[in-house]
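Working notes, structure below.
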Amino acid sequence: MLTAMGSPALDSLDVIGPDTYAANGYPHAAWRRLRREAPIHWFDLPDGVGFWAVTRHADISAISKQPARFVNGPRLAIFEAGGPVHGERTFVRQLLNMDPPEHGRYRRVATSWFTPRAIERRRAGAEQIARELLDAMQGDGSELEADFVAELAAPLTLSILAEMLGVPRGDWPLLFHWTNRIAGSSDPEFQQAGPDAEDNVVQARGEVFRYFAELVERKRTTPADDMVSVLAHAQVNGRPIPPLELLSYFLLLVVAGNETTRNAASGGLLALIEHPDELAKLRAQPELVDSAAEEIVRWTTPVIQFCRTAVKDVELHGRRVRAGDALCLFYPSANRDEEVFDAPDEFRIDRDPNPHLGFGIGEHFCLGANLARLELRVILRELARRLVSVELAAPVERMRSSFLGGVKRMPIRYRLQSGPSGGP
Ligand code: HEM
């Protein structure tokens, strides 16, 4: 259906179909129109439940900062019918679907592990892992081809998180396998339990829970300096965390910690390949790694959406939002909002200021933001030092998801050196 101006009617825009994302990437043109013409816009879904698309930076910030009026509890995100987390079978209580005051109590038991100072202590380990992975990729220094996701982005983020959790090294591939199956539950490649995404989540989650239940038992008898030991002994409301909530905590950390930074790293290198001037700038001025990491999170915005549910009827931009309605916060749209960003469709590694919402804002602001930043900075610094040349060897393959902007494979042709000085 077309409007009088010849453009498609707003209702026919597809901002939520996973096939659209797999085929075309993020629907930036649709979001641009929504920001301009209907910043709060209702979309019906085939299963009868619809949602308000919230696309402006200011509205997403305002809604996120009012956790009493717009709650997380009932609906985590918008999924197609039969999608993950859609039905009751996939519901687990974890930070992202808790609300104040309970949310703060559960969040506080983990925050000391994610402060800037605590994360800074991980730097040497992260650099070591990055160097080892790049050494393995470098070969004899000749031109080679590899999948950047499999060789660097995925193992780096996974190893750092697994180490923090206290998962023994031999079990790290298991974590990788499970998180792919949960985050990619709508993608045929990761579906083991048949085409129903919910079945896949339930099955993979059961395996994660069994694994961590055993690990918790071991850490209760022989605690170590790791997060599983700390959470296994933590108290909320004067009592140990109940078993299901404890296991869900680990599940959240594993999925949120792996499926996001990995995609930011892959999408970040892709952006640098597509903007060779910015790559040259990074090589010439490695001190730009901090702002480059922020710009990569803005540019790639790996988490596409989370939902809030209105507690009472409220009017937003002249639209009547009813109590119980879902508001879908589209972070990549906020991150291209022309009211906030100068030339939002340009990728600039020295962008400053950069108030992006890639990590969300307010009550649920990403717990792992400092860790993600560290990982991205380490990867960027090493790449800036060692990449002699890089280009895509084949098109990027994207995950079928309108929740996480997943890069499944990114084949690159590249040459790496040991470092400009020839040192390690
Ligand atoms: C580039 C990487 C990452 C991105 C883009 C990202 C993005 C986000 C976003 C958008 C939220 C929700 C914010 C909101 O509702 O306002 C979130 C929450 C969260 N993230 Fe991240 N994240 C990343 C990395 C990580 C890492 C490495 C970890 C941990 C190991 C992590 C753990 C969490 C947790 C536990 C929450 C829930 C916080 C809460 O509900 O209080 N994230 N993240």
Side-chain angles (χ1 to χ4, degrees), residues 54 57 60-67 70-73 75-77 93-111 113-115 118-119 122 126 153-154 156-165 167 175 179 183 226-228 231 248-268 293-309 327-335 356-380 403-407:
V54 185
H57 190 288
I60 293 178
S61 301
I63 290 169
S64 305
K65 287 178 181 171
Q66 299 176 72
F70 301 101
V71 291
N72 274 42
R75 221 166 179 208
L76 184 67
R93 277 179 80 240
Q94 38 87 352
L95 288 183
L96 279 167
N97 55 36
M98 289 180 181
D99 287 293
E102 187 187 39
H103 169 258
R105 292 182 194 130
Y106 272 82
R107 188 170 158 122
R108 272 192 291 282
V109 297
T111 42
W113 282 75
F114 293 98
T115 60
I119 292 300
R122 309 255 149 217
L156 182 104
T157 48
L158 178 85
S159 321
I160 296 171
L161 189 75
E163 199 153 55
M164 273 175 87
L165 284 167
V167 171
L175 284 192
T179 97
D226 56 50
M227 282 191 77
V228 173
L231 293 183
S248 304
Y249 217 128
F250 298 128
L251 179 72
L252 171 65
L253 289 171
V254 167
V255 175
N258 277 315
E259 294 295 338
T260 48
T261 325
R262 173 207 308 193
N263 296 321
S266 312
E294 292 308 307
E295 179 66 347
I296 282 171
V297 176
R298 182 188 80 90
W299 186 254
T300 59
T301 316
V303 176
I304 299 167
Q305 40 114 0
F306 274 119
C307 257
R308 300 292 188 266
T309 299
L327 295 129
C328 183
L329 314 180
F330 283 108
Y331 300 112
S333 174
N335 286 346
H356 69 77
L357 299 185
F359 293 121
I361 191 165
E363 180 78 16
H364 292 269
F365 178 78
C366 177
L367 182 65
N370 292 319
L371 177 61
R373 288 181 169 125
L374 173 83
E375 291 173 351
L376 290 174
R377 289 169 187 172
V378 165
I379 293 177
L380 288 172
F403 177 46
L404 292 174
V407 177

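We count ligands from 1, going down the list as the structure has it; atoms in each ligand are counted the same way. No hydrogens, no waters, no symmetry mates; every other heavy atom, side chains included, goes into these values. Remember, it's a predicted structure, so these values are computed and weren't measured experimentally.
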| request: Sequence neighbours left out, what passes ring pair (Phe, Tyr, Trp, His ring centres under 6.0 Å) with Tyr331? Give chain and number order. | output: none
| field | Under the ring pair (Phe, Tyr, Trp, His ring centres under 6.0 Å) test, residues paired with Tyr249 that sit two or more places apart | value | none
| query | What residues sit with at least one heavy atom under 4.0 Å from ligand 1? | reply | Leu95, Leu96, His103, Arg107, Phe114, Leu161, Leu252, Ala256, Gly257, Thr260, Thr261, Ala264, Pro302, Val303, Phe306, Arg308, Tyr331, Gly358, Phe359, Gly360, Ile361, His364, Phe365, Cys366, Leu367, Gly368, Leu371, Ala372
| field | NZ/NE/NH1/NH2 to OD/OE distance under 4.0 Å, Glu102 and Arg105 | value | no
| query | Is Glu375 salt-bridged to Arg122, cutoff N-O under 4.0 Å? | reply | no
| side chain to side chain contact (heavy atoms under 4.5 Å, CB included) partners for Leu161, two or more places apart | Leu165, Asn258, Leu371
| task | Kindly indicate whether the side chain of Pro332, heavy atoms from C-beta on, has any atom under 4.5 Å from the side chain of Ile304. | result | yes
